[in-house]
Amino acid sequence: MSGRRYSRQREMIYHCVQGRHDHPTAEMVYQQLKPTSPGLSLGTVYRNLNLLTDEGQLLRLPFTVDRYDANTAPHGHLECRTCGQVIDLDGDASKVCDLFASANAGNDLECCTVIFRGQCADCRAGYAAQEA
């Protein structure tokens, strides 16, 4: 799992994020794992999410509250301004990142996160139904 010493809690936290597709916050991970791991602390969740992010096993998505994604392949995200959910977007976000990297060749860019803000399809459908 990593070059660090094995940690059951780290593995449990990683699998929790990996099993979710809602890009959970640390608090969401903690709430999911707490019933089966009563000794788990929120600080332990944060520490391990940071380690997993530093090791490249998770992506940290910089929203008002950081969210985490086990899909580390280049892809974009949409933050819905209506319901607040964060969803994966289809398409190759690395092309957007490459465009910025080539336009800023004098800089040392280390990572790129593509985040769009707008309205998800479900909320748009609900809004359209209200308008009809």
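- A continuous path of ILVMFWY side-chain contacts below 4.5 Å connects Leu42 to Val17, so both sit in one hydrophobic cluster.
- Residues forming a side-chain contact (heavy atoms from CB on, under 4.5 Å) with Ala93 (at least two apart in sequence, or on another chain): Val114.
- Side-chain N/O atoms of Asp69 and His75 include a donor and acceptor closer than 3.5 Å.
- In this structure Asp22 satisfies the salt bridge (charged side-chain N to carboxylate O under 4.0 Å, His left out) test together with Arg20, sequence neighbours excluded.
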- Item | Arg67/Met28 under side chain to side chain contact (heavy atoms under 4.5 Å, CB included): CA gap, chis, key distance, verdict | CA-CA 9 Å; Arg67 299 180 78 121; Met28 293 163 75; 4.2 Å; yes
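- Few gaps surround CG on Asn107; more than 12 heavy atoms of other groups in view lie less than 6.0 Å from it.
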Sequence neighbours left out, cut at 3.5 Å: what donor-acceptor pairs do the side chains of residues 46-53 make with other protein atoms?
residue : atom : partner : partner atom : Å
Arg47   : NH1  : Gly43   : O            : 3.4
Arg47   : NH2  : Thr44   : OG1          : 3.1
Asn48   : OD1  : Arg10   : NE           : 3.0
Asn48   : ND2  : Thr44   : O            : 2.9
Asn50   : OD1  : Arg60   : NH2          : 2.4
Asn50   : ND2  : Tyr46   : O            : 3.3
Thr53   : OG1  : Leu49   : O            : 2.8

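- With sequence neighbours left out, Leu33 forms a side-chain contact (heavy atoms from CB on, under 4.5 Å) with Met12, Ile13, Cys16, Val29, Leu40.
- His23 pairs by the ring-ring contact (aromatic ring centres under 6.0 Å, His included) definition with His77, not counting sequence neighbours.
- Judged as a side chain to side chain donor-acceptor pair (under 3.5 Å), and not counting sequence neighbours, the contacts of Asp92 are Ser94.
- Closest heavy-atom contact between Leu58 and Ala70: CD2-CA, 3.6 Å.
- Atoms CG and CG, from Leu59 and Asn71 in turn, are 7.0 Å apart once rounded to the nearest 0.5 Å.
- Closest approach of Arg8 and Ser37 over heavy atoms only: NH1-OG, 4.4 Å.
- No path of Ile, Leu, Val, Met, Phe, Trp and Tyr side chains, each step under 4.5 Å between heavy atoms, connects Phe116 with Val86, placing them in separate hydrophobic clusters.
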Output side-chain donor-acceptor pairs under 3.5 Å for residues 97-105, partner residues at least two apart or in another chain, one line each.
residue : atom : partner : partner atom : Å
Ser102  : OG   : Asp98   : O            : 3.2
Ser102  : OG   : Leu99   : O            : 3.0
Asn104  : ND2  : Phe100  : O            : 2.8

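- At a threshold of 4.5 Å between non-hydrogen side-chain atoms, the residues Thr25 and Tyr30 do not count as touching.
- Gln31 meets the side-chain contact (heavy atoms from CB on, under 4.5 Å) test with Glu27; sequence neighbours excluded.
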If you look only at distance, which donor and acceptor atoms sit under 3.5 Å apart when one is on a side chain in residues 78-85 and the other is two or more places apart or in another chain?
residue : atom : partner : partner atom : Å
Glu79   : OE1  : Arg117  : NE           : 2.6
Thr82   : OG1  : Gln119  : NE2          : 2.9

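- Contact of the Leu61 side chain with the Tyr68 side chain is not registered, since no non-hydrogen atoms from C-beta on lie closer than 4.5 Å.
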